[in-house]
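Structure record follows, encoded as structure tokens.
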Number of protein chains: 2
Amino acid sequence: MGKLPSLKNLSYLLALHQQQNFNRAAAACNVSQSTLSSGIQNLEEQLGCQLIERDHKSFLFTAIGEEIVEQARNIITSTEELVHYAKGHGNILEGPVRLGIIPTIAPFVVGALSKRVQQNYPKLSLQLAEDTTNNLLNALRDGDLDILLLALPMDIQGNQKWTLGRDPFKLVAHKSIADKLGEPVDYDMLPDGSIFLLEKEHCLTGHAVSACQLTDTVKVNPFTATSLHSLVQMADARGGATFMSQMAIDHGILDNTDLIPLKPSGQEASRDIGLVYRATTSRRQTFRKIAEEIATLLPINTLS
Amino acid sequence: MGKLPSLKNLSYLLALHQQQNFNRAAAACNVSQSTLSSGIQNLEEQLGCQLIERDHKSFLFTAIGEEIVEQARNIITSTEELVHYAKGHGNILEGPVRLGIIPTIAPFVVGALSKRVQQNYPKLSLQLAEDTTNNLLNALRDGDLDILLLALPMDIQGNQKWTLGRDPFKLVAHKSIADKLGEPVDYDMLPDGSIFLLEKEHCLTGHAVSACQLTDTVKVNPFTATSLHSLVQMADARGGATFMSQMAIDHGILDNTDLIPLKPSGQEASRDIGLVYRATTSRRQTFRKIAEEIATLLPINTLS
DNA sequence: AAATTTTAATCCGATTTACCGATTATCATA
DNA sequence: TATGATAATCGGTAAATCGGATTAAAATTT
């Protein structure tokens with residue numbers, strides 16, 4: 001059995017990969033540049049292969065170097081989890097948990113969730129981050145976040161998930177056109193350009209469109225909103241319609257508007273809400289507890 | 001972020017857990033006893049918790065100590081895999097792969113499999129071990145084996161699996177009673193005590209009995225065999241019957257006997273064959289290649 | 001009961017390693 | 001040509017790791 005590389009050197013490699021610069025990486029590790037440099041060389045020697053290509057000024061990670069970084073990340077985060085577990089004396093329900101949530105879910109769960117967690121697991125400190133699905137998945141991979149609350153179906157890469165529940169879609173329409181639409185809604189009765197959607201980055205757009213089998217793109221207004229709240233405002237002001245999640249409606253997003261929720265057509269007009277975590281985590285039990293808390297807050301709880 | 005424990009100390013802990021003795025553990029690690037002792041103390045200090053209870057002569061792992069061992073094992077094997085990967089310069093199809101197989105599968109695949117692997121991946125060295133499902137799962141957990149070829153369904157604990165294919169069961173009966181049984185076989189026509197089975201430890205027994213919906217235990221002969229080959233010999237000599245996997249029959253296990261394969265009753269008279277691996281492995285791709293090789297050797301290939 | 005053996009912890013000196021600061025080499029840019 | 005940025009190298013120092021000897025406590029043998 002050959003000697004194993006040190007975790008320290010592996011963490012130097014990770015920092016270097018993140019910073020793409022020896023000085024900044026060294027600073028991030030609180031060591032000198034020379035230490036980090038020789039650490040990397042040391043690593044290459046031990047592993048018997050070149051991790052970075054030096055071209056006398058800058059450098060590039062080799063293909064195998066990238067792969068090694070990936071594996072090293074797992075090792076480091078696993079070890080951090082071990083330390084965290086030990087420091088908490090085996091009490092898995094204490095310490096920080098970093099939860100990322102997409103913007104079309106966050107506003108409707110963070111309040112109640114942090115209250116419940118605070119109450120049921122007072123030693124657990126839930127740290128929240130709001131971002132798009134892609135950014136959240138990157139942060140999960142890098143170990144910057146522990147769990148993600150996402151809308152499914154979604155490519156969650158090498159990660160694992162629990163499906164917590166379902167969030168039905170409603171078509172909400174201005175009262176001036178609502179009574180012509182029927183239930184389930186006949187999209188043909190909508191004026192052209194009367195449907196407002198979120199910008200494409202938000203997966204709710206795609207989920208709603210496919211779940212509700214909306215095919216006639218002429219109905220869609222090209223002006224897109226960046227948040228559910230402004231979406232509602234726009235549909236209300238312009239006398240149009242939009243898709244809205246039940247969760248948002250339950251939280252009063254339609255209050256003080258003239259929008260009316262209607263049953264959309266399409267067989268299963270809803271999105272699944274799932275909690276995603278690294279396959280390699282050792283804190284599955286902790287995250288499961290949080291999953292249970294979140295599930296109770298969803299319109300339809302399907303956590304088994 | 002607190003300092004991470006060293007891999008060396010973690011490996012000391014693993015050795016101690018395996019050997020349950022400081023001197024032997026130290027020897028296994030090629031260090032002195034004092035080094036290992038202080039390594040463990042060091043670890044306890046860094047982790048801020050007691051890993052072993054000393055009662056002045058011997059010692060015991062604490063509950064949390066056991067948990068830490070579990071996590072440390074993952075970390076160490078992950079790192080070994082990283083080294084292996086690097087040493088092979090990213091060529092995942094070289095180096096040793098340790099495969100465990102249960103006794104009711106092994107004789108019928110090892111020959112062809114090692115030949116195929118030798119031919120298609122000459123740098124891959126396949127090391128085989130034959131044992132019961134439970135022992136194999138323990139060896140997988142301890143990092144002594146990399147992949148297991150098992151019969152499913154089966155509780156594979158925290159591990160992951162691919163289902164490679166299906167192995168149908170036949171009821172094989174002595175020619176003196178075969179023609180009375182019909183096809184699919186009517187178990188009522190079997191004389192009491194004429195069905196021979198493997199001893200309980202072999203999961204084929206349970207799988208066959210449940211798959212073929214054999215409920216009348218009076219038919220079963222209480223004398224049980226320890227291998228498929230002796231099972232066949234017994235059923236042949238005593239003019240009885242037994243369940244036999246298609247794979248075994250294909251490999252001529254009934255040659256030179258008076259046993260005849262018949263279609264058993266029961267809706268899905270077969271067992272699934274699966275390849276099991278640690279969820280935390282980083283050699284999934286390598287194992288997948290081997291999975292594909294094995295699947296081609298099974299009576300029914302269902303690997304997707 | 002005494003002596004021996006086994007086991008883990010402790011102490012201490014020697015070696016090795018890790019680290020930093022300073023310097024150098026190389027290239028890009030002003 | 002001078003300046004700045006970057007990564008590698010070098011040499012000295014501080015820190016850690018390690019092993020042998022010893023100790024302490026208990027089990028085993030005599």
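Within every chain, numbering begins at 1; the chains are lettered A, B, ... in the order of the sequence lines, protein sequences first and strands thereafter.
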Give a yes/no on whether any side-chain N or O of Lys8(A) is located under 4.0 angstrom from OP1 or OP2 of dC19(C). yes

Measure the acute angle between the ring planes of Tyr277(B) and Trp162(B), then classify it against the limits of 30° and 60° as parallel, tilted or perpendicular. tilted

Grab the CG-P distance between Leu36(A) and dT17(C) for me, whole Å please. 19 Å

Verdict with supporting geometry, Leu4(A) and Ser11(B), side chain to side chain contact (heavy atoms under 4.5 Å, CB included): CA-CA 10 Å; Leu4(A) 296 178; Ser11(B) 72; 5.7 Å; no

Of Gln157(B), Arg73(B), Glu81(B), which is the lone residue that meets side chain to side chain contact (heavy atoms under 4.5 Å, CB included) with Arg278(B)? Glu81(B)

Would you mind reading off the distance between Leu16(B) atom CG and dA9(C) atom P, rounded to a whole angstrom? 9 Å

Rounded to the Å, how far apart are Asn9(B) CG and dA16(D) P? 13 Å

Nucleotide dT6(D), atom C1' - distance to CD of Gln19(A) in whole Å: 15 Å

May I have the distance from Ile40(A) (atom CD1) to dC19(C) (atom C1'), rounded to whole angstrom? 15 Å

Note, Ile102(B) side chain near Leu149(B) side chain (heavy atom, < 4.5 Å): no

Grab the CG-P distance between Leu43(B) and dA16(D) for me, whole Å please. 16 Å

I need the CZ-C1' distance between Phe59(A) and dA7(D), as an integer number of Å. 9 Å

Side-chain heavy-atom pair Thr35(A), Tyr12(A) within 4.5 angstrom cut-off: yes

Glu67(B), Glu70(B), Gln71(B) screened by side chain to side chain donor-acceptor pair (under 3.5 Å) with Ser282(A), the one that passes: Gln71(B)

Can you identify which nucleotide, out of dA18(C), dA8(D), dC19(C), has its nearest atom closest to the Asn42(A) side chain? dA18(C)

For the pair made of CD in Glu45(A) and P in dA8(D), what is the distance, rounded to whole Å? 14 Å

Does anything in residues 22-31 of chain B reach DNA chain D, meaning a heavy atom under 4.0 Å, and if so which residues? Asn30(B), Val31(B)

Thinking salt bridges, do Arg288(B) and Glu292(B) make one under a 4.0 Å N-O criterion? yes

By nearest nucleotide on DNA chain C, pick out whichever of Tyr12(A) and Asn21(B) is the more 5' one. Asn21(B)

Are any protein N/O atoms closer than 3.5 Å to N/O atoms in nucleotides 10-15 of chain C? If there are, list each pair with its distance.
residue	atom	partner	partner atom	Å
dT10(C)	OP2	Gln41(B)	OE1	2.9
dT10(C)	OP2	Gln41(B)	NE2	3.3

Ignoring hydrogens and geometry beyond distance, is a side-chain donor-acceptor pair present between Ser78(B) and Asn74(A) at under 3.5 Å? no

For Asp146(B), the option from Arg283(B), Arg141(B), Arg284(B) that meets salt bridge (Lys or Arg N to Asp or Glu O under 4.0 Å): Arg283(B)

